[in-house]
Amino acid sequence: MRVVLLGPPGSGKGTQAQKLGRSLGLPHVGMGDMLREAVKNRTPLGERAKEFMNSGKLVPDSIILELLGERMEGAKEGFILDGFPRSLEQVKRLEALLEREREKLDAVINLKVREETILRRIPGRLVCSECGQVYQRASPSSSTQRCPSCDAPLFSRADDVSDTLEKRIETYLEHTCPLIDYYEKKGILRDISGEGNPKEVFDRIVKALN
Ligand code: AMP
């Protein structure tokens with residue numbers, strides 16, 4: 001199965017893609033996770049990507065495609081893609097990649113959330129530095145919590161601050177929103193409410209894929 005998850009920042013793409021990958025036994029290809037890993041490891045690609053990420057802009061395609069190319073080599077049997085494609089140009093790139101393998105996408109999950117949900121979720125978000133699992137901060141002052149599943153420290157994303165978030169939403173509306181129409185016309189779009197807890201959203205996705 002080849003599935004793409006679309007949605008604005010804070011819609012739960014990463015959380016749902018991880019759950020879906022685990023339950024279907026497919027690789028979860030998270031573009032944002034790969035970029036954060038490259039930034040953390042100070043690789044040349046990470047160093048170039050950092051300023052774009054911290055200002056809420058799209059990272060140039062040359063960097064994205066290099067990271068993606070390596071990862072997709074291990075995803076020939078199927079994948080759950082989150083954070084790519086994010087522009088119509090990237091849609092074309094993905095199609096070219098799939099055509100080479102004589103494959104196509106099975107479904108595009110469009111996670112829909114209200115703006116007030118985004119504004120509530122993002123400031124309270126903590127990410128595990130090891131497994132990438134996303135949590136909500138238990139209390140606003142505690143930033144030294146650890147991941148319940150792998151015990152690694154949790155951190156706040158550098159781009160989860162309000163100015164950058166505003167720009168990320170703008171970037172989403174300008175570059176990524178047009179993909180909804182595109183995939184709708186292709187007949188593979190599944191609109192899913194991203195409201196509620198992760199389990200409720202996951203159940204809706206599973207139902208839509210069956
Ligand atoms: P995410 O973790 O999906 O919210 O992505 C975090 C940031 O990484 C985004 O705000 C962009 O700066 C960058 N990014 C992630 N995916 C892409 C992509 N497909 N194209 C360009 N930039 C991306």
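Indexing begins at 1, ligand by ligand and atom by atom, following the structure's order. Note that these values count all heavy atoms, side chains included, but never hydrogens, waters or copies made by symmetry. This is a predicted model, so every value here is computed, not measured.
- With sequence neighbours left out, the side chain to side chain contact (heavy atoms under 4.5 Å, CB included) criterion links Lys104 to no other residue.
- Side-chain atoms of Asn197 come within 3.5 Å of backbone N or O of Lys199 as a donor-acceptor pair.
- Here Glu66 contributes atom CD and Arg71 contributes atom CZ; the two are 16.0 Å apart, rounded to the nearest 0.5 Å.
- Hydrophobic side-chain contacts under 4.5 Å tie Leu24 into a cluster, directly or through other members, with Met1, Val3, Leu5, Leu20, Leu26, Ile80, Ile109, Leu111, Ile192, Val201, Phe202, Ile205, Val206, Leu209.
- For ligand 1, the 4.0 Å heavy-atom shell takes in Met31, Gly32, Leu35, Arg36, Met53, Lys57, Leu58, Val59, Ile64, Gly83, Phe84, Arg86, Gln90, Arg157, Asp159, Arg168, ordered by chain and residue number.
- Partners of Lys76 according to the side chain to side chain contact (heavy atoms under 4.5 Å, CB included) rule, which considers only residues two or more places apart in sequence or in another chain, are Glu73, Glu101.
- Under a hydrophobic-cluster definition in which Ile, Leu, Val, Met, Phe, Trp and Tyr are linked whenever side-chain heavy atoms come within less than 4.5 Å, directly or via other members, Leu189 and Leu105 are assigned to the same cluster.
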